[in-house]
Amino acid sequence: MLMIWFMRFKISKIAESHGKEKLKLIDAHIHLSGSDLHPATLAEGERLGIRLFIGSCLGEFNLQPSFDEVYKANNDMAAVIRRHLNRVSGYCYVNPRHGEQAISDFRSRIEEDSMIGMKLWVSTYCNDPLVFPFVEQAIAYRVPILIHTWRKTVSQLPYESTAFHIADLAERYPEAIIIMAHMGGQVESAMNTIAPYTNVRVDTSGTPIGASEVAIAVERLGANRVIFGSDLPIACLASNIGKVVGAGLTPEQLELIMGGNMERILAEGIR
Ligand SMILES: [Zn+2]
């Protein structure tokens with residue numbers, strides 16, 4: 001109960017600092033459930049003050065999806081965006097192994113379907129040369145690239161990028177707007193790996209990450225490089241907000257993380 005009060009208090013502080021009644025929180029990392037939003041997503045957002053969800057659809061979560069699977073997943077994401085304009089936005093999912101066909105899908109998702117960025121999962125490492133033409137296209141559009149990143153002690157997926165792959169890509173493309181998802185999984189080491197690359201932001205999504213990891217990210221990167229994401233419906237929106245609210249941050253830092261940073265990135269994109 002105390003925590004709920006505390007969270008509302010902090011969130012209302014964010015709203016106050018905007019000088020508006022309407023809360024402007026952005027959740028920059030959610031997924032569709034099958035081909036649609038999880039039925040609880042919008043109601044949870046309403047209850048907790050999330051103004052905009054930015055999602056991606058990974059279809060059946062096949063590690064090496066075919067072009068048709070990715071294309072259908074992006075169609076599903078585009079349909080959800082159309083149905084919930086101003087409440088839901090999306091990243092175009094790409095499997096870089098599909099080459100020119102996938103680049104042309106990426107272009108049409110940005111130019112025709114109002115998507116706001118690109119999502120890479122585990123079809124190959126993010127610094128594989130196969131990815132470079134996609135990164136160059138994202139740079140041309142000035143849109144963010146959200147990259148699933150994790151470092152596990154056991155059961156690392158094949159081609160699952162870690163903070164080292166992110167750092168290598170960021171060094172090669174300093175103009176790329178990179179968001180390292182899940183703060184790299186092993187936050188303590190991942191923050192040091194990517195800290196020198198100021199074009200890399202991190203998102204807070206991921207269940208094993210708690211408030212102390214959010215605090216480490218803010219301390220080592222600065223609040224302007226940390227972006228709120230929940231990983232809904234894989235993770236719980238309330239607990240993901242809670243770990244940011246509970247990280248001992250100032251209202252200004254909270255405002256940046258819970259929406260301000262992403263708002264700035266969205267304003268930059270050429271669409
Ligand atoms: Zn995710």
Side-chain angles (χ1 to χ4, degrees), residues 25-38 40-42 44-45 50 52-65 69-70 73-74 76-78 80-81 88-96 109 115-126 131 134 138 143-152 155-163 165-166 177-187 190 194 200-210 213-214 217 226-244 257-258 261-262 265:
L25 312 188
I26 299 174
D27 180 343
H29 187 146
I30 71 159
H31 296 284
L32 299 193
S33 175
S35 58
D36 204 348
L37 279 180
H38 185 278
T41 301
L42 291 180
E44 280 288 278
I50 301 293
L52 179 69
F53 288 102
I54 311 178
S56 59
C57 181
L58 305 186
E60 305 293 315
F61 286 81
N62 287 332
L63 303 184
Q64 294 296 334
E69 285 175 276
V70 176
N74 286 330
D76 291 340
M77 189 70 236
V80 168
I81 296 169
V88 180
S89 193
Y91 304 92
C92 172
Y93 179 33
V94 303
N95 175 347
R109 301 300 175 180
M115 290 194 187
I116 59 83
M118 180 169 83
K119 164 79 176 185
L120 292 170
W121 192 40
V122 295
S123 25
T124 189
Y125 293 121
C126 67
V131 181
F134 293 85
V143 297
I145 307 163
L146 175 62
I147 304 174
H148 169 86
T149 313
W150 211 285
R151 188 174 171 203
K152 303 181 178 97
S155 307
Q156 187 86 11
L157 295 171
Y159 303 106
E160 189 167 27
S161 295
T162 69
H165 300 101
I166 297 273
I177 304 164
I178 296 168
I179 303 174
M180 181 171 81
H182 317 306
M183 301 200 286
Q186 283 188 0
V187 180
I194 56 99
V200 179
R201 279 85 159 173
V202 299
D203 88 31
T204 59
S205 67
T207 41
I209 296 165
E213 281 82 9
V214 174
V226 181
I227 289 170
F228 172 69
S230 69
D231 223 3
L232 263 180
I234 299 161
C236 163
L237 180 60
S239 66
N240 273 278
I241 292 175
K243 72 196 185 191
V244 179
I257 296 168
M258 294 301 302
N261 291 330
M262 199 61 203
I265 289 174

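First listed ligand is number 1; within each ligand, the first listed atom is number 1. Residue indices begin at 1 and follow the sequence shown.
- Partner of Ser230 under the side-chain hydrogen bond (donor to acceptor under 3.5 Å, both in side chains) criterion, chosen from Asn240, Thr41, Asp203, Asp27: Asp27.
- Here the rule is ring-ring contact (aromatic ring centres under 6.0 Å, His included) with Trp121, and of Tyr93, Phe61, Trp150 only Phe61 fits it.
- If you look at the Zn ion (ligand 1), the protein N, O or S atoms less than 2.8 Å from it are His29 NE2, His31 NE2, Asp231 OD1.
- In this view, Ala73 and Cys57 satisfy the side-chain contact (heavy atoms from CB on, under 4.5 Å) rule, not counting sequence neighbours.
- Residues that satisfy the side-chain contact (heavy atoms from CB on, under 4.5 Å) test with Thr162, not counting sequence neighbours, are Arg151, Gln156, Phe164, His165.
- In this pair, His29 and His31 present their aromatic rings perpendicular. The plane angle is above 60°, beyond the 30 to 60° band.
- Every residue two or more places apart in sequence or in another chain that forms a side-chain contact (heavy atoms from CB on, under 4.5 Å) with Glu44 is listed here: Ala40, Arg47, Leu48, Leu237.
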